[in-house]
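As the structure lists them, so they are numbered: ligands from 1, and atoms in each ligand from 1.
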Amino acid sequence: MNKKSFLLFDRSTQFNKGLRVIAVGMALLCIAAVSAQLATPPSQPEPSTGLYKKSLVSFKSHGVAAANPLAVEAGFAMLKRGGSAVDAAIATQLVLGLVEPQSSGIGGGAFALVHEGKTKKLRAYDGRETAPGAATPSRFIGSDGLPMKFHDAAVSGRSVGTPGTVALLAAMHKKHGKLPWNALFAPAIALAEQGFPVSPRLHDVVKLDRFLKDDPAARAYFFNEKGEAWPVGYALKNPAYAKTLRAIAANGPKAFYEGELADAMVNAVRDYADVAKRGDLTQTDLANYQVIERDPICFSYRLKKLCSMPAPSSGGVAIAQMLAAVERFPLSQWGANSIDSVHVLAEAGRLAYADRAQYLADPDFIDVPKGLLDPGYMKSRGTLIDMAKSMKRAEPGTPPGVKVARAPDANAFLTGTSHISIVDKFGNAVSMTTTIEDIFGARKMVRGFLLNNELTDFSMRFEENGKPVANRVQAGKRPRSTMAPTIVYDAKGNPEIVTGSPGGSAIANYVLKTLVGMIDWKLDPQAAIDLPNFGSRNGPTELEKGTALEALKAPLEARGHTVSVADFTSGLQALQRSFDAKGKAVGWRGGADPRREGIVIGE
Ligand code: DON
């Protein structure tokens, strides 16, 4: 087994973060942290908590990459027992909800691409949260008639959508599972009952969060009696989560969507002294929740076939559009971290994010133009890129087939989420991005898990100048996402790259960088993930702080870019097939994001 034990190092000169050492053990993780000095206010969905050096992991046939070592171990244990990639994804997710509760869990939603080795068919599963039946477009307009401030909306029952993750896991298991459903729950239940060591990142984000303490259940769980975050390495037990999981393991998703657990969620979203914060999720919303299987979006780039998540995510469309816009440029010649590469990829970002704001929303409510992916349209957008000068701000295009005049969603910059990449020995692959939206979601804990604030992914405004915003709130609708679980295929139709990332609206840019890193710059997955993050969401050109890219600030400004230098906390995981000199597939290699605590285990 090729297992990654790693030293966490800090780039303290650049990032002023503490030194930490993590050793990954087989059964239980031992974590020792030497210090954690953080100055970062959480200006992104999840704040930066330093860098953890990772190295490339090679393996032969099956492996798991995810954002926490204990979760990866749980998934890998299922593969070892003959389970499928989907079995492993379920076990991984259930442990993530315990050990990385700030990012994802059963109170949230997820999208997953599942490639079936036997049929070579790719399926896209939509387990996105939905707006309650009582939701109306003015949900996030305050009593003053103005759109609410992000955290006023997010940290409240109003932001909680009907969770989709449990239904998604069950739907995937029904179709692709090999091991019994209840067996997949064993690692998470054992860790929840016996206690798991609080990781450095969990400790840091609990300490940094301004809102978590306000919820009595979260306060009692995440903090000691003095109100301090549990120290790194503290064995934290979550018996309430174990009990919840035991119920779902024994009785299936019904135990979550109906009965006692459903009642507990419905009561929790109403449990606010401030009437304005009370939510309206009902037992009917929960009982009616449906996973939707959608057609993945597939497109070509440099002779490769890539597939990603369709609407209600905007991630796949944005990546397709950005790649099409830059295909005419010699990126491989320019190389990574070069001004020309950053210039064209940022410009492509402006164009794609302008279309995203204008057109992308739940396709069951809004006619999302198919023309957005029309090869001619996408190419024509690319011709707007001028090497000499930034366009600064792109206007949305007019893709073929546009029927309704809409106003753009001004939420473009509002932004916990996690990504899982798994391959098994049967040729199956899973790429799943899973979220509770903001860090710790709505900061509302019920029965050992946190409820999402996914509804703040809707536009706060529902119209502008009399024109409707595509991504406005509507009853039963799914908020637009940027999550982009992605699979790249080899010439034989087998998965070659399995990747994705959290990071709010910047996700498409993080995944784009990693794909271009592997495809154009011929980097291995770890090196591609390690590359500094950059891009544009149709605002400033964004460069990751403390990286080589800072040197491009002045030259980019000279080309007309407005540049913002900031932390960009992606959470990329990528698995890539390795080939011998004759082009024969000989195994896999994988990487995990140094900006988070993920690892890769394979054999
Ligand atoms: O669905 C989306 O695009 C967002 N709710 C994802 C949020 C996210 O990635 C937060 N991550 N750090």
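- Side chains of T434 and S418: no donor on one and acceptor on the other come within 3.5 Å.
- The contact set between ligand 1 and E454, taken as ligand atoms under 4.0 Å from a residue heavy atom, comprises 1 (O), 4 (C), 5 (N).
- Note: Y241 and Y221 fail the aromatic proximity criterion, with ring centroids not under 6.0 Å apart.
- Counting the atoms of ligand 1 from 1 in the order shown, those under 4.0 Å from a heavy atom of G503 are 8 (C), 9 (O), 11 (N), 12 (N).
- Salt bridge D457/R478: absent, no basic N to carboxylate O contact under 4.0 Å.
- Every atom of ligand 1 is numbered from 1 in the order shown, and the set under 4.0 Å from a heavy atom of R596 is 12 (N).
- Electrostatic pairing of D362 and R128 does not count as a salt bridge here, judged by no charged N lying under 4.0 Å from a carboxylate O.
- A cation-pi arrangement is absent between K477 and F458, since the terminal nitrogen or guanidinium carbon is not both under 6.0 Å from the aromatic centre and inside a 45° cone about the axis.
- In I507, the part holding a heavy atom less than 4.0 Å from any atom of ligand 1 is the side chain.
- Under a 4.0 Å criterion applied to the non-hydrogen atoms of G504, ligand 1 contributes the atoms 6 (C), 7 (C), 8 (C), 9 (O), 10 (C), 11 (N).
- With no hydrogens or angles considered, a side-chain donor-acceptor pair links T482 and R356 at under 3.5 Å.
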(message) If you apply the rule side chain to side chain contact (heavy atoms under 4.5 Å, CB included), what do you find for N453 with V155, and how did you get there?
(response) CA-CA 7 Å; N453 67 299; V155 186; over 6 Å; no
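- In the vicinity of M483, heavy-atom distances shorter than 4.0 Å reach the ligand 1 atoms 1 (O), 2 (C), 3 (O).
- Compare T417, D438, D457 by their heavy atoms: the one nearest to atom 4 (C) of ligand 1 is in D457.
- With a 4.0 Å cut-off on non-hydrogen atoms, E129 does not touch ligand 1 at all.
- The shortest separation from a heavy atom of R128 to ligand 1 is under 4.0 Å, placing the residue in contact.
- Within the 4.0 Å heavy-atom criterion, neither part of R478 lies near ligand 1.
- For the pair R480 and ligand 1, the shortest N or O to N or O distance does not fall below 3.5 Å.
- Considering backbone and side-chain N/O atoms, T569 never comes within less than 3.5 Å of an N/O atom of ligand 1.
- Residues K513 and E544 are not paired through a salt bridge, judged by the lack of any N-O separation under 4.0 Å between the basic side chain and the carboxylate.
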